[in-house]
Amino acid sequence: MTSDVDPIEPDTKDWTWVLQRPCPECGFDPSSVHHTEVAGRIRDDATAWVQRLTRSGAAQRTRPDMWSVLEYGCHVRDVHRIFDSRVRLMLTETDPRFPNWDQDATAIADGYASQDPAVVATEVYDAATVVADTYDGVPEDAWSRRGLRSNGSEFTIATIALYHLHDIIHHAHDVAEM
């Protein structure tokens with residue numbers, strides 16, 4: 001095991017390709033999920049995160065190149081918050097540009113490794129519920145509304161929902177191997 005404050009190599013990959021084909025790492029297949037199913041899948045995943053975060057050793061890294069379950073949980077919580085903000089922007093503005101979010105800088109600045117797993121479990125569940133409710137509230141004619149990431153990647157509400165779902169499924173896969 002390694003110290004919880006050792007830096008992790010930042011992930012600089014552009015993951016937007018997961019909207020076109022299955023992810024070979026976690027198995028997520030965007031063609032197998034309809035965007036209207038995302039809210040329910042997020043709620044199910046949140047329940048699993050509560051269980052992961054309340055088990056013994058959640059704050060310990062098992063590999064020097066990977067976050068602990070706690071750190072992944074903090075990230076998933078923040079992913080839910082970021083996507084909720086982005087979807088709300090897409091619902092209220094025309095073609096908004098999303099502010100850049102550096103997930104690795106956030107992990108360090110917010111001290112993911114030193115947070116309380118029980119508190120994070122509640123926060124993940126609450127953030128998942130909020131964003132799932134946002135997806136459930138998207139009017140049928142709004143799923144095609146667009147938004148742009150800071151690097152120029154274009155999303156609709158339907159595609160950002162799938163992108164969001166892949167993110168959390170992928171991290172569930174990451175921690176399942178711990």
Salt bridge (charged side-chain N to carboxylate O under 4.0 Å, His left out) pairs touching residues 147-159, sequence neighbours excluded, are Asp14-Arg149, Arg146-Glu154
Minimal heavy-atom distance between Thr156 and Met90, with the atoms involved, is C-CE, 3.2 Å
Nearest heavy-atom approach of Ile169 to Phe28 is CD1-CD1, 3.6 Å
Q | Single-linkage hydrophobic cluster Leu89~Leu91, side-chain heavy atoms < 4.5 angstrom | A | yes
Using 30° and 60° as the class limits, which term best fits the ring planes of Trp67 and Tyr112: parallel, tilted or perpendicular?
perpendicular
Rounded to the nearest 0.5 angstrom, the OG1-CH2 distance for Thr54 and Trp49 is 12.0 Å
Discussion item. Would you say that His170 contacts Cys23 through its side chain, given a criterion of any heavy-atom pair below 4.5 Å between the two side chains?
Written reply: yes
On a heavy-atom basis, the closest approach of Pro96 and Glu93 is CB-OE1, 3.5 Å
- Task: State, with a plain yes or no, whether a side-chain heavy atom of Gln60 is found less than 4.5 Å away from one of Val69.
- Result: no
Sequence neighbours excluded, the answer for salt bridge (Lys or Arg N to Asp or Glu O under 4.0 Å) partners of Asp174 is none
For Phe155, is there any backbone N or O sitting under 3.5 Å from a side-chain donor or acceptor partner on Thr159?
no
For Tyr135 and His35, test the side chains for any donor-to-acceptor distance below 3.5 angstrom and give the result as yes or no.
no
Contacts of Pro22 meeting side chain to side chain contact (heavy atoms under 4.5 Å, CB included) (sequence neighbours excluded), chain-then-number -> Asp29
Going by atom types alone, do Glu71 and Ser68 pair a side-chain donor with an acceptor below 3.5 Å? yes
dist Ile168:CD1 -> Phe83:CZ (nearest 0.5 Å) comes out at 9.5 Å
Ignoring hydrogens and angles, write down the donor-acceptor pairs under 3.5 Å from the side chains of residues 137-144, residues two or more places apart or on other chains.
none

Quiz item: Side-chain contact, heavy-atom cut-off 4.5 Å: Arg81 with Asp78?
Solution: yes
Tightest non-hydrogen contact, residues Arg145 and Thr94, listed as NH2-N, 4.0 Å
Closest non-hydrogen atoms of Trp17 and Pro24, given as atom of the first, atom of the second and distance, are CH2-CD, 3.6 Å
**side chain to side chain contact (heavy atoms under 4.5 Å, CB included) between Ile160 and Arg86, intermediate numbers included** = CA-CA 9 Å; Ile160 206 167; Arg86 289 178 177 182; 4.1 Å; yes
Interatomic distance, CG@Asp45 vs CD1@Ile42, rounded to 0.5 Å, equals 8.0 Å
- Task: Is it possible for you to say whether Leu70 and Val50 belong to one hydrophobic cluster, with membership spreading through side-chain heavy-atom contacts below 4.5 Å?
- Result: no
Ala58 and Leu53 have their tightest heavy-atom pair at CB-O, 3.7 Å
Q | side chain to side chain contact (heavy atoms under 4.5 Å, CB included) evaluation trace for Cys26 with His166 | A | CA-CA 9 Å; Cys26 71; His166 168 261; 3.6 Å; yes
Q. Are the ring centres of Trp101 and His75 closer than 6.0 Å?
A. yes
Side-chain donor-acceptor pair under 3.5 Å between His80 and Asp84, yes or no?
no
Residues passing the ring pair (Phe, Tyr, Trp, His ring centres under 6.0 Å) test with His173, sequence neighbours excluded, are none
Under 3.5 Å, side-chain donor or acceptor atoms of residues 120-131 against the rest of the protein: list the pairs with distances, not counting sequence neighbours.
residue	atom	partner	partner atom	Å
Thr122	OG1	Ala118	O	3.4
Glu123	OE1	Arg77	NH1	2.7
Thr129	OG1	Tyr125	O	2.9

Point to revise | Residues Arg88 and Thr134: side-chain donor-acceptor under 3.5 angstrom | key: yes
